[in-house]
Asks: 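Mind looking over this structure? Questions follow.
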Amino acid sequence: MLATRSITEEILDLKKERRAILLAHHYQESEIQELADCIGDSLELSRRARDFEGDVIAFCGVWFMAETAKILNPHRTVVVPDREAGCSLVDCAPLEQIRAYRGRYPDHAIVSYINTSAEVKAESDILCTSRNAVAVVNSIPPEKTILFVPDINLGNYVKQKTGRENIRVWQGACVVHATFSGRRLAAVKAQHPHALIAAHPECPRETLLMADFIGSTSAIIDWCVGHPAEEFIVVTESGVLHSLKERAPHKRFHFVANELCNCSECPYMKRNTLEKLRDCLLHLEPKVELSGDLIARALVPLERMLAVK
Ligand code: 13P
Ligand code: SF4
């Protein structure tokens, strides 16, 4: 009888053949995270995409993250398991509206969250992620008016942390984090009164006010692992449980269900599967394709962000 190779073996063989690196965001399914060369938040994955040897990046995350990897690696092939792995925040910031704003207020600085399209990045002065948004805004001269695009909750959080009044905040939202309401969090806290709360800054203001810690996905994981407490309510996508369980198996973690599906999962991130990962390595599709001009323009604000410490 012929032994059939498992899908994991197929992926690992293809990875070698293609000289590929597998990058996975914390919100990917556990079986994908297990195969990854690097698991991280959007800033860590951007940095990793910049510093690697090989020909192909298989980006297990959402499309805007893979576009970022392509901007940093114009001569490498960047594939994503599912082309429909989008992001509600990207959809909230259409290029025409950003261009119209730029035309109207040419002297304002546009700070775009990395969760934007490559075209919107190219119209921006600097980019940021949830990890460095406060530092990025602080790097801009205080007298300059800022448009923060597109997440309303992260924008308001940055405004409060920097104490700057001259920040205008776009009205976009993440379909996952925006639904982690204070009411739902209070219900989970009532069930686990001793648990500490760690939240992602894309959550609504009333939720962030209840948090003991606010940070990016990796920062939340590091904080929960390093803190002496044993029990946490984690207010972000439940994919982070993979690293939390691995790094702190004795601790307890609770999640807040969102209003869409009674779970804490990003429907875009979860489109990627092992089968689709195998197929994208096999066919080198779906592949990110951006024009040279777009890459050159989007690289400027991206490199400005990467230079911020
Ligand atoms: P991080 O920057 O924390 O990885 O967040 C990305 C994201 O899409 C959060 O929903
Ligand atoms: Fe976009 Fe929200 Fe999904 Fe992150 S969790 S990729 S912000 S929809």
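Throughout, numbering of the chain's residues begins at 1 and tracks the sequence. We count ligands from 1, going down the list as the structure has it; atoms in each ligand are counted the same way.
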Asks: Quick one: which ligand 1 atoms are inside 4.0 Å of a heavy atom on N115?
Replies: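 Those atoms are 7 (C), 8 (O).
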Asks: Is the shortest distance from a heavy atom of E202 to ligand 2 less than 4.0 Å?
Replies: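 Distance cut 4.0 Å: E202 passes for ligand 2.
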Asks: Does the pair R131 and E44 meet the rule for a salt bridge (charged side-chain N to carboxylate O under 4.0 Å, His left out), with working shown?
Replies: CA-CA 9 Å; R131 183 183 274 258; E44 290 166 329; 3.3 Å; yes
Asks: What protein heavy atom sits nearest atom 5 (O) of ligand 1, and how far off is it?
Replies: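 Protein heavy atom at minimum distance: H200 NE2, 3.4 Å.
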Asks: If you take the nearest heavy atom of each of S88, C266, P267, G172, which one is closest to atom 3 (Fe) of ligand 2?
Replies: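 The nearest heavy atom belongs to C266.
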Asks: Please verify the inter-ring angle class for H192 with H254; under 30° counts as parallel, over 60° as perpendicular, anything in between as tilted.
Replies: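 Aromatic pair H192/H254 classed parallel.
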Asks: Does ligand 1 have an atom under 4.0 Å from some heavy atom of H177?
Replies: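 It does, in that a heavy atom of H177 comes within the 4.0 Å cut-off of ligand 1.
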Asks: Would you mind running through ligand 2 and noting each atom that sits below 4.0 Å from a heavy atom of N115?
Replies: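 It comes down to these atoms of ligand 2: 7 (S).
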Asks: Under 2.8 Å from atom 2 (Fe) of ligand 2, is there an N/O/S atom belonging to C87?
Replies: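 Checking C87: none of its N, O or S atoms is under 2.8 Å.
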Asks: Show which atoms of ligand 1 fall inside a sub-4.0 Å distance from at least one heavy-atom site of S216.
Replies: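 Matching atoms, with element in brackets: 3 (O).
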Asks: Atom CD1 of I295 and atom CD of E289: how far apart are they, to the nearest 0.5 Å?
Replies: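 The distance works out to 10.0 Å.
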Asks: Is E231 salt-bridged to R252, cutoff N-O under 4.0 Å?
Replies: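 Judged by the 4.0 Å cut-off on N to carboxylate O distance, E231 and R252 do form a salt bridge.
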Asks: Indicate yes or no: does K15 engage D37 in a salt bridge with an N to O separation below 4.0 Å.
Replies: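 Counted as a salt bridge, because a side-chain N and a carboxylate O are separated by less than 4.0 Å.
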Asks: From N156 CG over to F148 CZ, what is the distance, rounded to the nearest 0.5 angstrom?
Replies: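 If I round to the nearest 0.5 Å, the distance is 9.5 Å.
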Asks: Any salt bridge linking D125 with R102? Criterion: basic side-chain nitrogen under 4.0 Å from a carboxylate oxygen.
Replies: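 So D125 pairs with R102 through a salt bridge.
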Asks: To which protein heavy atom is atom 2 (Fe) of ligand 2 closest, and what is the distance rounded to 0.1 Å?
Replies: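 The closest heavy atom on the protein side is C174 SG, 2.3 Å.
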Asks: Does this structure show an ion pair linking R271 with E84, if we count only N-O contacts that are shorter than 4.0 Å?
Replies: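 No, R271 and E84 are not salt-bridged.
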Asks: Atoms of ligand 1 less than 4.0 Å from S130 heavy atoms?
Replies: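 That gives atoms 1 (P), 2 (O), 3 (O) of ligand 1.
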Asks: Tell me which protein heavy atom sits closest to atom 2 (O) of ligand 1, plus the residue, atom name and distance to 0.1 Å.
Replies: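 Closest protein heavy atom to atom 2 (O) of ligand 1: S42 OG, 2.5 Å.
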Asks: Taking only non-hydrogen atoms of E44, do any sit less than 4.0 angstrom from ligand 1?
Replies: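 No, that is not the case, since the closest heavy atom of the residue is not under 4.0 Å from the ligand.
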Asks: Check whether the ring centres of W223 and F232 lie less than 6.0 Å apart, and answer yes or no.
Replies: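 Yes, ring centres under 6.0 Å apart.
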Asks: Can you confirm if the aromatic rings of H200 and F180 lie within a centre distance of less than 6.0 Å?
Replies: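 No: the rings miss the under 6.0 Å criterion.
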Asks: Would you call the rings of H25 and Y27 parallel, tilted or perpendicular, taking 30° and 60° as the class edges?
Replies: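 The rings of H25 and Y27 stand perpendicular, inter-plane angle above 60°.
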Asks: Y268 heavy atoms, cut-off 4.0 Å: which ligand 2 atoms fall inside?
Replies: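 Under 4.0 Å from Y268, ligand 2 has these atoms: 8 (S).
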Asks: Distance under 4.0 Å to a non-hydrogen atom of E202: what atoms of ligand 1 satisfy this?
Replies: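 Listed by number with element: 7 (C), 9 (C), 10 (O).
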Asks: Using non-hydrogen atoms of the residue, decide whether H25 is closer than 4.0 angstrom to ligand 1.
Replies: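 Contact present.
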Asks: L89 heavy atoms, cut-off 4.0 Å: which ligand 2 atoms fall inside?
Replies: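 Selected atoms, number and element: 7 (S).
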Asks: Which bit of D151 gets closer than 4.0 Å to ligand 2, counting heavy atoms only: side chain, backbone, both or neither?
Replies: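 No part of D151 comes within reach of ligand 2.
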Asks: Around R205, counting heavy atoms of other residues, nucleotides and ligands shown, do more than 12 lie under 6.0 Å from its CZ?
Replies: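 No, because the 6.0 Å sphere around CZ of R205 holds 12 heavy atoms or fewer from other groups.
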Asks: Provide, to 0.1 Å, the distance between atom 4 (Fe) of ligand 2 and the closest protein heavy atom, together with that atom's residue and name.
Replies: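 Looking at atom 4 (Fe) of ligand 2, the protein heavy atom closest to it is Y27 CE1, 4.0 Å.
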Asks: Which atoms of ligand 1 sit under 4.0 Å from any heavy atom of T217?
Replies: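 Contacts of ligand 1 toward T217, numbered from 1: 1 (P), 3 (O), 4 (O).
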